[in-house]
Amino acid sequence: MTFEQNENHHEDPHANDAAPYGGGDPYADYRTTELPFTELVDLADRRLGAGVIAANDEFFAQRENLLVRERAVFDPEHFGHKGKIMDGWETRRRRGADAAHPFPAPDEHDWALIRLGAPGIIRGIVVDTAHFRGNYPQRVSVQAASVAGSPGPAELLADDVKWEELVPPTPVRGHAANGFEITGGRRYTHLRLRQHPDGGIARLRVHGEVLPDPSWLATLGTFDLISVLNGGSYEDASDRFYSSPTQIILPGTSRKMDDGWENRRRRVRDTNDWVRFRLPAQGAVRAVEIDTAYLKGNAAGWIALQGRNGETGEWFEIIPRTRLQPDTLHRFPLRAQAVVTHVRLDAFPDGGVARMRLHGSLTESGAAGLARRYEESGA
């Protein structure tokens, strides 16, 4: 086939390219769109324990960059011994079998294996090609698997592992946030990200709902009922100006001021900020922790905690309005356990909270409901 025939046979292969970098703000021409599923927790967050455990090629840029929390950085002057250093995962250019066949075969591709930090149901994936303007992959695809334990690359690539296609080979745009909504309700633990045939990807985000193993929670007995890792989730908030309220229920302690929930300064009297969370199932709360770590001049002045049992249950008081100290861990043992499915944290009048923990255990009814969901997810 001649060059002219090849050009007429296919759509323009460069239609999704971004313009070459011309100086100034490298994000000025970055292409994105509203993706509602990004409000859900990122199952591939390094703070949850996610990792890129293998890749077939990372010649120009390391695979681990895919899961860096911050957005990709571009330095036009940053070069190394192998060429331009990019903040992402970038493979070398594939070549064909010989001079008569210079292009790689249609099925050739590069791949990376990702362990989700929290196994769960995937609702949306973002393949971010920021700063990869003419060197992004022509197409990407994503497969998912559910494998128990802590498998290594050899186990994941074994013939008996069933990989399901979430995103078929699909064209993507360079220097853009490429979003893919995922349907279905299966629970997954690992992903295989593919670049067809090669190229660079800056970041990968995997948004969804954590679905924990009920047998593990039963073994623990008492655990943090609202933690993302145990299936807790953020539902709504009055304000998310500086950061996502989901960060309140991340594991571990915050490491800096923006690693929590901080709202803007409230100027309307007799109002306050609030955030609402859902437990993985009905639970009995015995103790609460509220941490204002790193929030020194902008911590909430007072907080109150309410609970609700069921979607239509009445709200009731768990912790009355209580003064908080900045940069301090506060512990509240409860006189009587609070049986809840939802909680609402109120901040008066505004301010930040770094972490909240609800220590307790699932009720018999809650444990049975979670077990049903887990079984229905096909894990």
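Starting from 1, each residue takes its place in the sequence as its number.
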Quick check on the hydrophobic clustering: are [X] and [Y] connected, directly or via other members, by side-chain heavy-atom contacts under 4.5 Å?
X	Y	result
L334	V340	yes
I121	L48	yes
Y374	L229	yes
V288	W302	no
L40	L211	no

Go through the steps for L358 and L305 under the test side chain to side chain contact (heavy atoms under 4.5 Å, CB included), then give the verdict. CA-CA 11 Å; L358 306 181; L305 185 67; 4.1 Å; yes
Would you say [X] has more than 12 foreign heavy atoms packed within less than 6.0 Å of its [atom1]?
X	atom1	value
E64	CD	yes
R255	CZ	no
R321	CZ	no
E181	CD	no
R265	CZ	no

How long is the span from the [atom1] atom in [X] to the [atom2] atom in [Y], to the nearest 0.5 Å?
X	Y	atom1	atom2	answer
T91	Q195	OG1	CD	5.0 Å
I248	S227	CD1	OG	13.0 Å
S244	E39	OG	CD	6.5 Å
D198	D57	CG	CG	8.5 Å
E77	K84	CD	NZ	8.5 Å
L191	L43	CG	CG	8.5 Å

Got a donor-acceptor contact below 3.5 angstrom from the [X] side chain to the [Y] backbone?
X	Y	value
Q247	D258	yes
T341	G310	yes
R373	P280	yes
R69	D45	no
N263	G351	yes
N178	V127	yes
N65	G88	yes
E155	G152	yes
T292	T328	yes
R139	R194	no

[Y] and [X], any side-chain heavy atoms less than 4.5 Å apart:
X	Y	answer
W89	L193	yes
E311	H342	yes
R203	V68	yes
L324	H330	yes
S233	E209	no
R192	H190	no
L250	D259	yes
R123	H207	no

Check the side chains of N272 and D346 for a donor-acceptor pair under 3.5 angstrom, ignoring hydrogens and angles.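 Judged by distance alone, the side chains do pair up.
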Tell me the closest heavy-atom pair linking [X] and [Y], and the distance in Å.
X	Y	answer
S141	P169	CB-N, 3.6 Å
R264	D239	NE-OD2, 2.6 Å
F132	Y136	O-CD2, 3.5 Å
A144	L166	CB-CD1, 3.6 Å
E164	Y188	OE1-OH, 2.8 Å
I318	V343	CD1-CG1, 4.3 Å

Identify the residue among L295, T246, V275 that makes a side chain to side chain contact (heavy atoms under 4.5 Å, CB included) with W261.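 With W261 as partner, L295, T246, V275 yield a single side chain to side chain contact (heavy atoms under 4.5 Å, CB included), made by V275.
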Starting from the C-alpha separation in whole Å, work towards a yes-or-no answer on salt bridge (charged side-chain N to carboxylate O under 4.0 Å, His left out) for D270 and R266. CA-CA 10 Å; D270 300 321; R266 184 165 283 269; over 6 Å; no
Would R331 and E289 count as a side chain to side chain contact (heavy atoms under 4.5 Å, CB included) here? Give the steps. CA-CA 5 Å; R331 288 176 171 161; E289 289 184 334; 2.9 Å; yes
How would you list all residue pairs meeting ring pair (Phe, Tyr, Trp, His ring centres under 6.0 Å) that involve residues 264-298, not counting sequence neighbours?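 The answer is none; no pair qualifies.
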Run the numbers on R205 and D128 for salt bridge (charged side-chain N to carboxylate O under 4.0 Å, His left out), then give the verdict. CA-CA 8 Å; R205 303 291 186 244; D128 188 350; over 6 Å; no
Can we call the ring centroids of H131 and Y30 under 6.0 Å apart?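 Judged by ring-centre distance (under 6.0 Å), H131 and Y30 do not meet the cut-off.
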Any chance you could lay out the side chain to side chain contact (heavy atoms under 4.5 Å, CB included) test for R92 and F60, step after step, and finish with the verdict? CA-CA 7 Å; R92 75 194 79 192; F60 286 114; 4.2 Å; yes
Trace of the salt bridge (charged side-chain N to carboxylate O under 4.0 Å, His left out) decision for D110 with R94: CA-CA 9 Å; D110 291 318; R94 284 182 169 269; 2.9 Å; yes
In the hydrophobic clustering (ILVMFWY, side-chain contacts below 4.5 Å, transitive), which residues join L156, or is it alone?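 Same cluster as L156: I53, W111, L113, V147, L157, V161, W163.
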Between Q138 and H196, is a side chain to side chain contact (heavy atoms under 4.5 Å, CB included) present by the stated rule, with each step listed? CA-CA 6 Å; Q138 187 176 10; H196 305 267; 5.8 Å; no
